[in-house]
Structures are given as C-alpha cells and as structure tokens.
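Residue indices begin at 1 and follow the sequence shown. Keep in mind that the numbers below use all heavy atoms, side chains included, and drop hydrogens, waters and symmetry copies.
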Amino acid sequence: MQHYGEAVKNFIETHATGLTVLLVTGARVIMACRDMTRAHIAADEIRQQSGNGNVVVRKLDLACLQSVRDLVKNVTENEKHLDILINNAGVMMCPKSQTEDGFEMQFGVNHLGPFLLTNCLLDMMKKSAPSRIVIVSSMAHEKGQINFEDINLDKDYQRKKSYCQSKLANVLFARELAKRLDGTGVTVYSLHPGVVRTELARHILPTLALWQRIIFHIIVTLAKSPREGAQTSIYCAVDEGLANTSGLYYSDCAPKVPAPQARDDTAAKKLWDVSASMVGLV
Ligand SMILES: NC(=O)c1ccc[n+]([C@@H]2O[C@H](COP(=O)([O-])OP(=O)(O)OC[C@H]3O[C@@H](n4cnc5c(N)ncnc54)[C@H](OP(=O)(O)O)[C@@H]3O)[C@@H](O)[C@H]2O)c1
Ligand SMILES: *[C@@H]1O[C@H](CO)[C@@H](O)[C@H](O)[C@H]1NC(C)=O
Ligand SMILES: *[C@@H]1O[C@H](CO)[C@@H](O)[C@H](O)[C@H]1NC(C)=O
C-alpha cells in the first residue's frame, strides 16, 4: 500500500469530493474505475467522510469496449435505477497508443468509451427520469477539430491535437444527445471544470524542459483545488435550476457559449454516426 500513498491521497481529494457531496444527500454511488486498489481505498475514505456506506466499486476500463459492456451488464442487472451519470474519467496528451479495440487512446478513452457506456445506460436512465448525464469536457475543446478523414490521427498524431479533438467530441456528443433525449426527462450537460490540480498532466510532465516545469509549477499553484474543480460537475448533476435545461456547456457553475465548432449540429450528427459505427452500435 505504501507506494500508493501520495497518489491515493490525490485521487481521493480529486474524485471523492463530488461523490461525497452526493452521498451526504443520501445517494447510492457506483464508482466505475480501472484501478481497483485505488478505487477501494478511495471508496473507504468516501464512506467515512460522508457517513454513507452506500458506495460500490465496479471495474471499468474505458480503453476496452468489452469492459464497458461488462459494467453496463453489471449495473443494469443489479441496480433498480440510475439518476445521474457522470462521465469524468479522461486521459490527456499521452504518447501515441491504442485502446484494446485499436482506437487512438485519447479519442477512445475520452469519447468512444463514454459514448458506448452512456448509450447502453439510456434505457435505464429514461426509466429513472428525471435523470441527468454530465460529460466532463474542457476549454481545450476550443482548439479542437474533428478530423473526420483520419479520426484516429494515424497519419499525424499530435498529443495536443488529439486531446483537443476528444474534448470537442465531448461537447458535440452532449449537444446531439440532448436533442435525441428531448422529451424523455433525461437531460445532458457538458462542462469545463477549470484548471485543476490533479494527476491529469502525468503524461506531459516527463516531457517538459526545466523552464517549462517552472511555468507548470506556477500554473499548478494558481490552479483550482480538486474540491473547487468538482463544483461545476456537482452543479450540473444536482442543481434544481437546471432541471429543464439540456445540451448546454458550463464553466464556473454558469452556462457558457462553447467555441463555434462545438455548436456545429451537422458535425455533431456526423460524429454520432461515426462513433456509433466505431463502437458497434447500430
Ligand atoms: N485537471 C484539469 O485542469 C482539467 C481541465 C479541463 C478538463 N479536465 C477534465 O477533467 C476530467 C478529470 O480529469 P482529472 O483532472 O481529474 O485528471 P486525473 O487526476 O488524471 O483523473 C482522471 C481519471 O480518469 C481515469 N482514467 C483514465 N483512463 C481511464 C480508463 N481507460 N478507464 C477508466 N478510467 C480511466 C484515471 O484513472 P486512474 O486513477 O486509474 O489513473 C483517473 O481516475 C477529465 O475528463 C479531464 O479531461 C481536467
Ligand atoms: C457485479 O460486480 C460485483 C462486484 O464485482 C459482483 O459482486 C457481482 O457479482 C457482479 N454482478 C453481476 C451480475 O455481474
Ligand atoms: C421545470 O418544468 C416543470 C414542468 O413544466 C416545472 O414544474 C418546474 O417548475 C420547472 N423547473 C424549473 C427550474 O424551471
């Protein structure tokens, strides 16, 4: 357990804050995580902090479609209803690599995995309506474009280009999903959590030169704490004022107009079709 020490502390602070808030209100929380060791440690901490023991850990590796399907099966077979789905997990600017299914890693984990997961849980969420789907995107979407001709960036992989594409995909997915769910009582929200002190930079840190590390250190110092970083996700998940709003993008607990390419309904529809075909949903 020793070497998990610091990392787990960070994990708990990052991911537990939001869950603790929900738990205090009496919710049952399913933590879907890829690292069971860290997840169980965090779950124990959350149970203590919230005084609500109703937290379960389930295995989910978003880089594996079979894992997504297994989680869906487990949830639909064991749970009576699902009121809030928060798609938070993500990877940023990792070296070129592929998911189990051969998709470019950032597009696969940040968009295709959550796309399949969300779609497979929709029936349950409709039955649980009013219910909400929260998709954690980023201001990085502003620099993104969807490279429909080479969506896996096989020809020209660039870490940043890939991350920005995946975060743009998050906003477009939320927009198209909201349209499709109109009238069902299931509402959809995408958001930028802020610049938050987390482990998200794990893949870029080793690539930085000394002067870049100094700048990075300054950014980290000025960044939001994990607690602050969780606020917009919590807001979208539970604020009653948003009950009849769907498909919008939020930042600092307020709606924000996303970049023009994130308001392109034709691209949103096209991305949906491409994604559905990639994950085998027809
Ligand atoms: N931090 C920021 O400044 C910032 C800014 C804008 C947007 N965001 C967004 O906020 C979200 C949360 O990021 P964070 O900042 O909290 O980063 P983080 O500390 O790195 O947390 C990301 C989480 O995603 C999980 N994850 C990664 N790959 C996964 C996979 N294949 N299957 C299942 N889980 C996986 C990680 O699991 P492990 O614990 O097992 O590694 C980790 O728990 C991301 O969507 C990110 O794009 C963050
Ligand atoms: C769901 O996962 C839990 C924890 O791993 C396990 O105990 C349970 O048997 C699973 N249920 C189904 C139906 O797969
Ligand atoms: C949402 O719509 C319902 C039904 O029309 C209404 O009763 C409720 O007051 C509305 N809530 C908000 C926050 O607008």
Side-chain angles (χ1 to χ4, degrees), residues 14 62-63 86-99 102-116 118 134-178 188-208 212 215-216 219-220 222-224 229 232-233 236 247-252 255-275 278-279:
T14 310
L62 287 163
I86 304 181
N87 286 300
N88 172 68
V91 58
M92 181 175 77
M93 292 167 73
C94 56
K96 184 171 187 176
S97 49
Q98 293 186 324
T99 66
F103 307 133
E104 184 273 308
M105 186 61 73
Q106 298 187 68
F107 191 66
V109 168
N110 297 353
H111 171 63
L112 292 175
F115 177 86
L116 179 64
T118 303
V134 178
I135 301 172
V136 181
S137 175
S138 169
M139 68 189 281
H141 84 269
E142 294 169 14
K143 295 227 160 67
Q145 60 177 71
I146 307 292
N147 300 272
F148 283 110
E149 307 73 40
D150 182 21
I151 211 153
N152 284 308
L153 305 180
D154 285 325
K155 292 190 200 104
D156 178 29
Y157 181 77
Q158 294 168 33
R159 297 174 185 232
K160 190 174 170 195
K161 179 175 161 187
S162 158
Y163 183 66
C164 295
Q165 168 176 266
S166 72
K167 292 288 125 180
L168 173 60
N170 290 155
V171 186
L172 290 172
F173 173 39
R175 196 174 169 94
E176 175 70 18
L177 182 60
V188 188
Y189 312 81
S190 67
L191 65 101
H192 169 58
V195 176
V196 193
R197 219 174 293 132
T198 66
E199 291 179 79
L200 193 65
R202 61 182 99 178
H203 295 292
I204 32 177
L205 273 176
T207 71
L208 298 183
Q212 291 170 312
I215 294 175
F216 180 81
I219 294 173
V220 166
L222 300 175
K224 290 185 179 183
T232 304
S233 297
C236 290
L248 300 186
Y249 171 77
Y250 294 80
S251 179
D252 286 324
K256 185 171 181 190
V257 179
Q261 68 273 32
R263 290 180 268 134
D264 180 341
D265 288 324
T266 312
K269 167 81 173 67
K270 191 168 169 188
L271 175 67
W272 183 286
D273 293 340
V274 169
S275 307
M278 288 176 87
V279 302

Side chain to side chain contact (heavy atoms under 4.5 Å, CB included) for Phe148 and Leu271? Distances and angles first, verdict last.
CA-CA 8 Å; Phe148 283 110; Leu271 175 67; 4.2 Å; yes
CA sep, side-chain torsions, deciding dist, call: Gln98, Asn152, side chain to side chain contact (heavy atoms under 4.5 Å, CB included):
CA-CA 9 Å; Gln98 293 186 324; Asn152 284 308; over 6 Å; no
Before you tell me yes or no, could you show the steps for Asn170 and Ser190 under side chain to side chain contact (heavy atoms under 4.5 Å, CB included), namely the whole-Å CA-CA distance, both residues' side-chain angles and the distance that decides it to 0.1 Å?
CA-CA 7 Å; Asn170 290 155; Ser190 67; 5.6 Å; no
Can Arg175 and Asp265 be said to form a side chain to side chain contact (heavy atoms under 4.5 Å, CB included), step by step?
CA-CA 8 Å; Arg175 196 174 169 94; Asp265 288 324; 2.8 Å; yes
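Annotation: Lys160, atom NZ; neighbour count of heavy atoms from other residues, nucleotides and ligands within 6.0 Å does not exceed 12.
Closest approach of Leu62 to Gly113, counting heavy atoms only: CD2-C, 3.7 Å. Residue Pro255 comes nearest to Leu248 through the heavy atom pair CB-CD1, 4.4 Å, listed as atom of the first residue, atom of the second, then distance. Scanning both residues, Pro114 and Gly108, for their nearest heavy atoms gives CD-O, 4.2 Å. Across all their heavy atoms, Val134 and Leu191 have their closest contact at CG1-CD2, 3.4 Å. The heavy-atom pair separating Gly90 from Leu200 by the smallest distance is O-CD1, 4.1 Å. Nearest heavy-atom pair across Val195 and Ala223 is O-CB, 3.4 Å.
Remark: Lys269 pairs with Asp273 by the side-chain hydrogen bond (donor to acceptor under 3.5 Å, both in side chains) rule, at least two apart or across chains.
Side-chain contact between Asn147 and Phe107 is absent, with no heavy atoms from C-beta onward closer than 4.5 Å. Within the 4.5 Å cutoff, side-chain heavy atoms of Met278 are placed close to those of Ile151.
Judged purely by atom type and a 3.5 angstrom limit, His141 uses its side chain to pair as donor or acceptor with the backbone of Ala259. Judged purely by atom type and a 3.5 angstrom limit, Gln261 uses its side chain to pair as donor or acceptor with the backbone of Glu142.
Pairs engaging residues 143-159 under the salt bridge (charged side-chain N to carboxylate O under 4.0 Å, His left out) rule: Asp156-Lys161 [sequence neighbours left out]. The side chain to side chain donor-acceptor pair (under 3.5 Å) contacts involving residues 102-114 comprise Glu104-Ser162, Gln106-Tyr157, Gln106-Ser162, Asn110-Ser166, His111-Ser275, where partners must be two or more places apart or lie in separate chains.
Each of Asn88, Thr198, Val136 was scored for a side chain to side chain contact (heavy atoms under 4.5 Å, CB included) with Pro193, with one residue passing: Val136.
Summarising the geometry, atom CE belonging to Met92 is positioned 15.5 Å from atom CE belonging to Met105; distances are rounded to the nearest 0.5 Å. The CD atom of Glu176 sits 9.0 Å away from the CZ atom of Phe115 when rounded to the nearest 0.5 Å. Rounded to the nearest 0.5 angstrom, Tyr250 OH and Ser137 OG are separated by 14.0 Å. Note: Thr118 OG1 to Asn87 CG = 4.0 Å, rounded to the nearest 0.5 Å.
Aromatic ring pairs are classed by plane angle as parallel below 30°, tilted from 30° to 60° and perpendicular above 60°; the pair Trp272 and Phe173 is tilted.
The pair Asp264-Lys270 does not count as a salt bridge, with every side-chain nitrogen at least 4.0 angstrom from each carboxylate oxygen.
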